[in-house]
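Heads up, the thing below is written out as structure tokens.
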Amino acid sequence: MSEFVQNIRLWFAPEQVRDEGDTPDYRFSLANERTFLAWLRTALALIGGGFAVDQFLPDLRWAWRVGLALALLGAGVLCSLRAVNHWVRCERAIRRGEDLPASRFPALLSLVVAVVAVAMVVVVLAGWAG
Amino acid sequence: MGGVSTAGRDPGLQPERTRLAWRRTTLSATMAAVLAVKTVLHGGVSATGVTVCALCCVLFLGFLAVAHRRIRALAAGPRPSALAPRHATAAALCAVALAVCAAALVV
């Protein structure tokens, strides 16, 4: 947890990241940046999904609609925060010449998306039946 | 860009690819902002709705500013410097704030 707090400090401090290790080949930094952007797009897509559930499933009961929308929005928030954190960790690992950090997050996110998708199928089918 | 000379150019076109990644991400942010505006219009115009909608537009503009700055930096030279953590954090916080606005609109 204390490492996470240290990472948060790095989010705002460009000089501190640059203090460590050597400046890597610019192509590594750019590749890391593109990965960060891909995660940010995933986060934005999840946020868009949250809006879409609210907008395009109007017949759903309020609790279900808001629950699904909030689950997607929460996943979007986690995803974007994790995007910066992972970017900082990778940037530091590249500078220090260490292995890139391993992460359980992709698996976790897939599970959350799968659960939300199944819930949506069930809810929409139940809506038809009812 | 626009030069025919391939002398000082990265054969993998990394800066260009990164620039396009920023463009794609801007497009995603635009989509989220448009959906926010649609939600507000759909739910009937209220003071809270308009305020949150304006906030979403400001957040979109903030993201656009970060992206534009970075795109300019990437286009400036053949060996662009790395992304500053401050800008990465700013971009991600725009997304987080957008999600918070969305939660306020949905509930």
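Within every chain, numbering begins at 1; the chains are lettered A, B, ... in the order of the sequence lines, protein sequences first and strands thereafter.
Taking CG of L13(B) as the start and CZ of R27(A) as the end, the distance is 11.5 Å to the nearest 0.5 Å. The CD1 atom of I47(A) sits 5.5 Å away from atom CG of L98(B), with the distance rounded to the nearest 0.5 Å. To the nearest 0.5 Å, the span separating NE2 on H42(B) from CG on D54(A) amounts to 8.5 Å. If you take CG on L93(B) and OG on S80(A), they are separated by 8.0 Å, rounding to the nearest 0.5 Å.
Between A92(B) and L40(A), the closest heavy-atom pair is CA-CD1, 3.8 Å. Nearest heavy atoms, G48(A) versus L35(B): O-CD1, 3.5 Å. Residues T18(B) and R34(A) approach most closely at OG1-NH1, 2.9 Å, considering heavy atoms. Nearest heavy atom pair, residue A45(A) against residue M31(B), reads CA-CE, 4.4 Å.
Ranked by non-hydrogen atom pairs under 4.5 Å with chain B, the options F51(A), W62(A), W39(A), F36(A) are led by F51(A). Top candidate by heavy-atom pairs under 4.5 Å with chain A, chosen from V100(B), T25(B), V34(B), V107(B), is T25(B).
Of the two parts of L44(A), the backbone and the side chain both hold a non-hydrogen atom closer than 4.5 Å to a non-hydrogen atom of chain B. With a 4.5 angstrom heavy-atom cutoff, A36(B) touches chain A via backbone and side-chain atoms both. Of the two parts of L73(A), the backbone and the side chain both hold a non-hydrogen atom closer than 4.5 Å to a non-hydrogen atom of chain B. For A97(B), no part sits under 4.5 Å from any heavy atom of chain A, backbone or side chain. With a 4.5 angstrom heavy-atom cutoff, S29(A) touches chain B only via side-chain atoms.
In the hydrophobic cluster analysis, where Ile, Leu, Val, Met, Phe, Trp and Tyr join through side-chain heavy atoms closer than 4.5 angstrom, L55(B) is grouped apart from V37(B). Under a hydrophobic-cluster definition in which Ile, Leu, Val, Met, Phe, Trp and Tyr are linked whenever side-chain heavy atoms come within less than 4.5 Å, directly or via other members, V96(B) and I8(A) are assigned to the same cluster. Side-chain heavy atoms closer than 4.5 Å link hydrophobic residues (I, L, V, M, F, W, Y) into clusters, and following such links, possibly through other members, connects V113(A) to V123(A). A single hydrophobic cluster is seen to contain both L109(A) and V116(A), as judged by linkage of ILVMFWY side chains at heavy-atom distances under 4.5 Å, directly or through other members. V106(B) and W64(A) are members of different hydrophobic clusters when ILVMFWY side chains are connected at heavy-atom separations under 4.5 Å.
Annotation: side chain of L74(B) is in contact with side chain of L30(A) (closest heavy-atom distance under 4.5 Å). Considering only heavy atoms from C-beta on, Y26(A) stays 4.5 Å or farther from S81(B) through its side chain. The closest side-chain heavy-atom distance from L83(B) to N32(A) is not below 4.5 Å.
Counting only N and O atoms by type, the side chains of S28(B) and R41(A) include no donor and acceptor under 3.5 Å apart.
With a 6.0 Å radius and a threshold of 12 heavy atoms from other residues, nucleotides or ligands, R69(B) has its CZ atom at or below the threshold. Within a 6.0 Å radius of CZ in F105(A), more than 12 heavy atoms belonging to other residues, nucleotides or ligands are found.
With E33(A) as the fixed residue, the side-chain hydrogen bond (donor to acceptor under 3.5 Å, both in side chains) test singles out one of H87(B), Q14(B), R70(B): R70(B).
Close approach to chain A, defined as a heavy atom under 4.5 Å from one of its heavy atoms, is seen in F63(B) of residues 58-67 of chain B, taken by number.
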